[in-house]
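Down below is the structure, laid out as structure tokens.
Residues: numbered from 1 along the sequence shown.
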Amino acid sequence: MNWIKDTFHTKRPVIGMLHLKALPGDPDYDAAAGMKDVIEHARHDLAGLQQGGVDAVMISNEFSLPYLTKTEPITAITMARIIGQLLPEIDRPFGVNVLWDAVASIDLAAATGASFVREIFTGVYSSDFGLWNTDVGATTRHRVRVGASGVRLLFNIVPEAASYIGNRALNDIVRSTVFDARPDALCVSGLTAGTPTDTSVLKVAKDAAPNTAIFVNTGVRDTNVVEQLSIADGAVVGTFFKEDGVFENPVDPERVKRLMDIVKEHRAGA
């Protein structure tokens, strides 16, 4: 797992989510406010995350609800524009996530220079968005074709709002995913954004893949981050960093700093 230190320059990194507002083509896009409003909101949240001390930033179209499993071209194109305008201000590693389209995420990473991608790369799921299928073989070959072999892949193996089709235990899914697909990391989630991830589920994943990075993907907050990072190798944090801990709100740099101070103390002690 040396890639974690090489990419994030620390052990047990915390990745702060930069949630983009609804984009052109999304049902909730505010055409009157336009792209200027989307970009300024993203700039505000980026500044808050970086001022608060996160180790990395992940940019996602979080408010493109309801999500598509094969996105329209306008989504990644718009995200590329936003990231291009923010690049001079990004001063730490960043990743991307085009929800929920693995190929589009890899394309966006290749185009913008992102270091990592989080996506659903394996499995078949019954989800709120319909039947959710994947093709990891085709996706990883696509990564090679677009020159993104160096982009790290974070596999979300317990996706939000979805249930794995088939009667397989999590430890079996973890072992076969690691053997078959060679993920850089596995992300374990709760039911939805902001919902705590069960530590017993984290432990099952870590015990099944001790040599693969395990990231806790939802519900990390100041009251549980030490417990979570005692098992997981890193964390993805979004909702807690928002004003009043409300998913829809802008980032609050004071909440970011509060959690990161706890994390830094924990890392120093560990």
Side-chain angles (χ1 to χ4, degrees), residues 7-8 13-24 26 28-30 33 35-65 67 71 75-101 104-109 111-119 151-152 154 156 160 185 187 189 192-194 215-221 234-260 263:
T7 300
F8 301 109
V14 172
I15 301 169
M17 291 301 304
L18 198 169
H19 292 160
L20 300 177
K21 295 180 76 170
L23 306 175
D26 294 335
D28 292 333
Y29 176 60
D30 186 345
M35 282 298 299
K36 181 180 179 181
D37 178 62
V38 175
I39 292 168
E40 287 310 308
H41 183 274
R43 179 171 282 118
H44 169 277
D45 279 5
L46 173 65
L49 292 169
Q50 293 186 155
Q51 289 167 15
V54 295
D55 302 304
V57 173
M58 180 150 53
I59 302 163
S60 77
N61 57 322
E62 205 77 17
F63 291 100
S64 291
L65 291 160
Y67 301 130
T71 56
T75 302
I77 290 169
T78 303
M79 292 177 72
R81 176 194 170 183
I82 296 166
I83 294 169
Q85 292 195 230
L86 295 181
L87 268 178
E89 301 163 44
I90 300 175
D91 63 11
R92 60 207 63 201
F94 76 94
V96 296
N97 186 190
V98 184
L99 298 162
W100 283 107
D101 188 329
S105 294
I106 289 171
D107 288 345
L108 182 61
T112 60
S115 299
F116 58 94
V117 163
R118 179 193 64 181
E119 259 300 341
V151 175
R152 299 294 180 175
L154 282 57
N156 195 341
E160 304 161 34
C187 295
S189 307
T192 61
F215 279 67
V216 53
N217 196 48
T218 65
V220 176
R221 53 198 60 170
V236 179
V237 185
T239 301
F240 179 79
F241 288 158
K242 305 293 189 73
E243 293 176 3
D244 301 319
V246 175
F247 174 70
E248 292 81 6
N249 286 350
V251 165
D252 179 351
E254 290 303 315
R255 290 179 70 91
V256 180
K257 185 178 185 302
R258 186 161 86 232
L259 185 137
M260 290 308 302
V263 169

Check: Going through the distances and angles, do Ser60 and Asn97 end up as a side-chain hydrogen bond (donor to acceptor under 3.5 Å, both in side chains)?
Finding: CA-CA 5 Å; Ser60 77; Asn97 186 190; 5.4 Å; no
Notebook entry, point to check: Between atom CD1 of Ile59 and atom OG1 of Thr112, what is the distance when rounded to the nearest 0.5 Å?
Noted result: 7.0 Å
Margin query: Can you confirm whether Met35 sits close enough to Ile82 that some side-chain heavy atom of one is under 4.5 Å from a side-chain heavy atom of the other?
Written below: yes
Note to self: Can you tell whether the side chains of Arg92 and Asp55 come within less than 4.0 Å, N to carboxylate O?
What the structure shows: no
Check: Which distance, rounded to the nearest 0.5 Å, do you find between the CD1 of Ile15 and the CG of Leu49?
Finding: 12.0 Å
Note to self: Rounded to the nearest 0.5 Å, what separates atom CG in Asp252 from atom CD in Gln51?
What the structure shows: 10.5 Å
Next item on the list: Looking only at non-hydrogen atoms, find the nearest pair between Val151 and Ala114 and report the distance.
Entry: CG2-O, 3.7 Å
Next item on the list: Find the distance between OG (Ser64) and CG (Leu20) and round it off to the nearest 0.5 Å.
Entry: 7.5 Å
Check: Salt bridge check: are Glu40 and Arg43 linked by an N-O gap of less than 4.0 Å?
Finding: yes
Notebook entry, point to check: Between the main-chain N or O of Phe240 and the side-chain N or O of Arg255, is there a donor-acceptor pair closer than 3.5 Å?
Noted result: yes
Check: Which distance, rounded to the nearest 0.5 Å, do you find between the CG of Leu46 and the CZ of Phe94?
Finding: 10.5 Å
Check: Would you call Val57 and Asp45 a side-chain contact if the rule is heavy atoms closer than 4.5 Å?
Finding: no
Item checked: Distance-minimising heavy-atom pair for Gln50 and Ile90 -> OE1-CA, 3.4 Å
Next item on the list: Check whether any side-chain N or O of Asp101 sits under 3.5 Å from a backbone N or O of Ala104 as a donor-acceptor pair, and report yes or no.
Entry: yes
Margin query: Quick one, Phe241 and Val14 - any side-chain contact, counting heavy atoms below 4.5 Å?
Written below: yes
Next item on the list: For Asp91, look at atom CG and say whether over 12 heavy atoms of other residues, nucleotides or ligands are found less than 6.0 Å away.
Entry: yes
Next item on the list: Could you tell me which non-hydrogen atom of Gly238 sits nearest to which non-hydrogen atom of His19, and how far apart they are?
Entry: CA-CE1, 4.2 Å
Notebook entry, point to check: Where is the tightest heavy-atom contact between Val117 and Ala109, given as atom of each residue plus distance?
Noted result: CG2-CB, 3.6 Å
Notebook entry, point to check: Is any side-chain heavy atom of Met58 less than 4.5 Å from a side-chain heavy atom of Val96?
Noted result: no
Next item on the list: Check the angle between the aromatic planes of Phe8 and Phe215 and answer parallel, tilted or perpendicular using the 30° and 60° thresholds.
Entry: tilted
Margin query: Determine whether a donor-acceptor pair (N or O, by modelled atom type, separation under 3.5 Å) exists between the side chain of Arg118 and the backbone of Cys187.
Written below: no
Next item on the list: Quick one: closest heavy-atom pair of Ser115 and Thr7, and the distance?
Entry: CB-CG2, 4.1 Å
Item checked: Short side-chain to backbone donor-acceptor contact, Gln85 and Ile39, under 3.5 Å -> no
Item checked: Check: Tyr29 main-chain N/O paired with Asp26 side-chain donor or acceptor under 3.5 Å -> no
Notebook entry, point to check: Quick one: are the ring centres of Phe63 and Phe247 less than 6.0 Å apart?
Noted result: yes
Next item on the list: Output yes when a side-chain donor or acceptor of Glu62 lies under 3.5 Å from a complementary backbone atom of Met17, and no otherwise.
Entry: no
Checklist line | Nearest heavy atoms of Thr78 and Pro24, plus distance in Å | finding: CG2-CD, 3.8 Å
Notebook entry, point to check: Counting only N and O atoms by type, is there a donor-acceptor contact under 3.5 Å from the side chain of Asn217 to the main-chain atoms of Ser189?
Noted result: no
Next item on the list: Measure the OG1-CG distance between Thr75 and Leu99 for me, rounded to the nearest 0.5 Å.
Entry: 10.0 Å
Next item on the list: Specify whether Trp100 and Tyr67 have parallel, tilted or perpendicular ring planes, treating 30° as the upper limit for parallel and 60° as the lower limit for perpendicular.
Entry: perpendicular
